[in-house]
A.B. asks: 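To start, I am sharing the structure in question, which I have written as structure tokens.
In what follows, every chain begins at residue 1, and chains take the letters A, B, ... in the order their sequences are listed.
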Protein chains: 2
Amino acid sequence: MSISGSKKKIIDSAQALFHRHGFQQTSLDDITRVSGVTRSNLYYHFNSKEELGLEALRERIRHYEAEVLGPTLRNTSFPPAERLSEFYRRVATYHRSQVPPAGCPFGNLAVEMCGTNDNFREMLSSFFDMWEDALESCIRQGIESGEFRGDYSPRIMAQMILSHLEGMVLMVKTHRTMEPLDSGTVMIMSLLKAT
Amino acid sequence: MSISGSKKKIIDSAQALFHRHGFQQTSLDDITRVSGVTRSNLYYHFNSKEELGLEALRERIRHYEAEVLGPTLRNTSFPPAERLSEFYRRVATYHRSQVPPAGCPFGNLAVEMCGTNDNFREMLSSFFDMWEDALESCIRQGIESGEFRGDYSPRIMAQMILSHLEGMVLMVKTHRTMEPLDSGTVMIMSLLKAT
DNA sequence: TAATTAGGACTGGGCGGTCAGTACTACTAT
DNA sequence: ATAGTAGTACTGACCGCCCAGTCCTAATTA
């Protein structure tokens, strides 16, 4: 059984609006307006705004794994350094396409929801863990292959890279320039290189 | 003439509520409830919720410079590495005191407001610049004294440290554990050390 | 014929913001 | 001395709007 057309439209519109305006700041009327789907149909597919929010997040995570992590960090047909570099390149391309910069969809949601809603928090927490795992594997393989320095544990480096990335994207959104992301990624790639 | 008692109460309560629940998600009634000041009195002191928000932010920035940056990063009576270390220590102490972790007051606000309100965005943008300046000076002096490695420009390192810090604090909020901040600061201190 | 979509009216509550008026103090003109 | 004036601090009642969610009917589609 496949997802009906309306349901997909709702989720797509909700994702875009939640990303740009936040979950709480997006009204169901906003979503019906953008998706062209009626309010009653929305409540036919979802029992509450929270349920829609969680499903939109789940779908975004699924999409991110398939379209970003899979082809880059986890793509073992390329050497680790190239994978990481390609990952950064895709991140930059994505954020360059958002004008004005809207920040990381996951980071934004984490800031907004983690203090008040445990369902969102837990989903985001395990997503960040999974993201970190992908980075860690890539780095570990890079150390083994001699491309990356081996004096820090892959886990610690992965943690650092993920936090740093989230922070850079926040700076891009705040300063409205890609510069922090561009120079930051160059620095990390250089720092990771084996001496 | 000093600020009236009520105005201070309003700003203090607003700061705490904005930090924990966000600007938009905090109602003026919430603020009157916590501060014990009436709604009409609030509108006597501030022309709008936005004006209150901006003043609360301005005050927080002032406080942060005086109570955090001044005694640590800018405190030239200590050597740079010790200053940075003390800075990290204070950040950790602050976030350890918030249960559950509420994230960075500035980072949270940036995520929430930078897409929709240029007054907030500009104030936060120049605040982050100023923060980066404080880090840069400290690092530059550390390089000159030979404590820190000199193969990256102080500006780039400062940028990296600030982004990384904001990201770590986001992780602390999401995962509800101080571990990312604790191990992340250790790693940065070690990375900066001159070889 | 069962799932899906459309349409619209409605509820109860929360929201930011407005307003006319009170109380108090201090300065000033007579 | 007194009456008037002005500025500050504060109050409670109120307004119109928007929100998530409900309810019901009816058409359409697979």
A.B. asks: Write down the distance between CG (B:L28) and C1' (C:dC15), rounded to a whole number of angstrom.
C.D. replies: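 Those two atoms, CG and C1', are 8 Å apart.
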A.B. asks: Could you tell me whether the phosphate oxygens of C:dA6, OP1 or OP2, come under 4.0 Å of any side-chain nitrogen or oxygen in A:N41?
C.D. replies: yes
A.B. asks: Between atom CG in B:D29 and atom P in D:dC14, what is the gap in whole Å?
C.D. replies: 16 Å
A.B. asks: Looking at B:H45, does any N or O in its side chain come under 4.0 Å of the phosphate oxygens OP1/OP2 on D:dT8?
C.D. replies: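 Answer no for this pair, as no side-chain N or O of B:H45 is under 4.0 Å from OP1 or OP2.
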A.B. asks: Just so I know, are the side chains of B:R60 and B:F18 near enough to count as touching, which here means a heavy-atom distance under 4.5 Å?
C.D. replies: no
A.B. asks: Considering only heavy atoms from C-beta outward, does the side chain of B:R83 approach that of B:T76 to under 4.5 Å?
C.D. replies: yes
A.B. asks: Inspect the contact between B:E65 and B:R74 and indicate whether a charged nitrogen and a carboxylate oxygen are less than 4.0 angstrom apart.
C.D. replies: yes
A.B. asks: B:K49 NZ to C:dG14 P: how many Å, rounded?
C.D. replies: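 The answer, rounded to whole Å, is 15 Å.
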A.B. asks: For the backbone of A:V111 and the side chain of B:K173, can you confirm whether one donor and one acceptor N or O come within less than 3.5 Å of each other?
C.D. replies: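 Looks like yes, one N/O pair under 3.5 Å.
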A.B. asks: Can you pull out the residues from residues 14-27 of chain A that lie within a 4.0 Å heavy-atom distance of DNA chain D?
C.D. replies: A:T26, A:S27
A.B. asks: Check the distance between C:dG17's C1' and B:F46's CZ and give it to me in whole angstrom.
C.D. replies: 15 Å
A.B. asks: Determine, stepwise, if the pair A:H175 / B:S125 fulfils side chain to side chain donor-acceptor pair (under 3.5 Å).
C.D. replies: CA-CA 5 Å; A:H175 295 302; B:S125 175; 2.7 Å; yes
A.B. asks: Any side-chain N or O of B:Y44 less than 4.0 Å from the OP1 or OP2 oxygen of D:dC10?
C.D. replies: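 B:Y44 to D:dC10 OP1/OP2: no side-chain N or O under 4.0 Å.
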A.B. asks: Between B:E147 and B:S145, is a side chain to side chain donor-acceptor pair (under 3.5 Å) present by the stated rule, with each step listed?
C.D. replies: CA-CA 6 Å; B:E147 291 172 86; B:S145 76; 2.9 Å; yes
A.B. asks: In whole Å, what is the span from the CD atom of A:E50 to the C1' atom of D:dG21?
C.D. replies: 14 Å
A.B. asks: Between A:F106 and A:F127, what is the ring plane arrangement, given parallel below 30°, perpendicular above 60°, and tilted in between?
C.D. replies: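 Answer is tilted, since the angle falls between 30° and 60°.
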A.B. asks: Just the rounded figure in Å: distance from C1' of C:dC15 to CG of B:L42.
C.D. replies: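 The distance from CG of B:L42 to C1' of C:dC15 comes to 14 Å, rounded to the nearest Å.
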A.B. asks: Quiz question: by atom type and distance under 3.5 Å, do the side chains of B:E179 and A:Q159 form a donor-acceptor pair?
C.D. replies: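 Side-chain D/A pair, B:E179 to A:Q159: present.
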A.B. asks: How does protein contact run along nucleotides 22-30 of chain D, one letter per nucleotide 5' to 3', with B for base contact, S for sugar-phosphate only, - for none, heavy atoms under 4.0 Å?
C.D. replies: B--------
A.B. asks: Side chain to side chain contact (heavy atoms under 4.5 Å, CB included), that's the test. Do A:R149 and A:T195 meet it? Break it down for me.
C.D. replies: CA-CA 7 Å; A:R149 63 198 289 177; A:T195 48; 5.7 Å; no
